[in-house]
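Below you'll find the structure, written out as structure tokens, and then a few comments.
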Amino acid sequence: MLKNKNPLRREQIELLPKVELHVHLDCCLSFGVVSRLKPGITREEYAGDFVGRPKYKDLADFLKIIDHSLELMQTKESLGLVAEDLFQQFKKDNVIYAEIRFAPFLHLRQGLSPSDVVGTVEESVSRCVKETGIEARIILCTLRHYTKEQSMTTVKLAGQFSGTRVAALDLSADEAGFPIDAHIAAFQYARKKGIYCTAHAGEAKGPGSIRETLEYFKPSRIGHGVRCIEDPLLMDELKRKRIHLEVCPSCNVRIGIFNTYADHPIDRLFNSGISLGINTDGRAITDISLTDEYERLQNTFGWGLEHFRTCNQNALQAAFLPGETKAALQEKLC
Ligand SMILES: [Zn+2]
């Protein structure tokens with residue numbers, strides 16, 4: 001295996017300016033914020049309910065753990081605290097730009113409306129951007145098992161909040177368990193209204209899932225997409241169409257798509273010239289920071305500064321941002 005002759009020290013990796021496009025708000029609760037929302041919780045209970053196990057049977061099995069976090073994210077105050085907590089984690093990793101995603105319908109258990117949820121998170125994120133200097137946008141997720149109506153309401157919320165930090169629509173959750181049919185209309189609506197799009201595909205299912213996502217949703221990015229490695233023609237298509245892959249290596253290993261980190265195709269995908277970036281997916285449920293993830297890439301594949309720079313440049317180019325904001329952030333990426 002390729003080894004880097006001049007490996008970066010952890011402090012150097014920590015200081016690298018980073019872009020993270022794929023991170024779920026409800027998958028990142030630190031012990032600190034959980035202790036505030038659930039006083040008295042022990043480290044062991046936190047590890048069991050919010051961090052989870054190193055390996056899961058599949059994506060559907062993995063998704064069950066998120067309910068513990070959702071239980072604590074049902075009020076304006078708690079949503080605000082969770083957003084602040086995530087920005088503190090970005091700060092430690094020197095993230096300069098992040099896109100935070102969540103599904104508004106998952107936060108209605110105590111009487112908030114979908115619009116309350118989006119408004120609250122948007123306000124909190126805007127406040128955190130001002131306080132930390134970390135630029136950010138918000139992606140609203142519809143979920144695979146949702147109805148056409150729920151998907152339409154989600155995309156219309158994105159439209160209603162246009163001009164704020166809400167920028168895009170995503171399709172998330174159980175890729176293998178539910179088809180895309182109910183969500184095609186929402187993605188058509190997004191395109192018509194100029195709302196950016198990404199969608200989870202090629203994680204729990206193979207190349208066929210990526211192909212249908214490209215055909216029916218026409219997104220500029222794919223969440224994961226790593227199983228395109230099984231289909232060289234699809235890899236060519238992704239390159240030709242300049243589709244960016246939001247890659248989350250540790251999360252893929254955790255849900256059993258690849259047995260070990262060394263089996264992950266990120267290095268082969270990078271070398272093929274496909275545009276990709278590095279993401280955590282969920283910092284708590286994957287038990288990883290972005291710095292940890294870069295360190296693993298260095299230790300496993302011999303990645304170094306040039307790889308990290310290319311990934312961050314690619315991610316910034318694919319960000320759901322206007323050109324002038326991208327240009328300003330470009331100055332910060334070394
Ligand atoms: Zn995800």
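When a ligand or atom number is given, it counts from 1 through the structure's own listing order. Owing to the predicted nature of the structure, the values given are computational and were not obtained by experimental measurement.
- The angle subtended at the Zn ion (ligand 1) by NE2 of His200 and NE2 of His24 is 100°, given to the nearest 10°.
- Side-chain atoms of Gln88 never come within 3.5 Å of backbone atoms of Asp85 as a donor-acceptor pair (strictly under, hydrogens ignored).
- Residue side and main chain included, Asp170 places no N/O/S atom under 2.8 Å of the Zn ion (ligand 1).
- Ion pairing between a basic and an acidic side chain is recognised when a charged N comes within 4.0 Å of a carboxylate O; Lys64 and Asp58 show no such pairing.
- Of all the heavy atoms in Thr291 and Asp93, the pair that sits closest is OG1-OD1, 2.6 Å.
- For the side-chain contact (heavy atoms from CB on, under 4.5 Å) criterion with Val19, the lone passing option out of Asn312, Ile278, Asn279 is Asn312.
- Within the coordination shell of the Zn ion (ligand 1), defined by N, O or S atoms under 2.8 Å, Cys251 is absent.
- Within His22, NE2 is the N, O or S atom that lies nearest to the Zn ion (ligand 1).
- Nearest N/O/S atom of Asp281 relative to the Zn ion (ligand 1): this is OD1.
- Because its NZ or CZ atom is not both nearer than 6.0 Å to the ring centre of Phe308 and within 45° of the ring axis, Lys18 does not count as a cation-pi partner of that residue.
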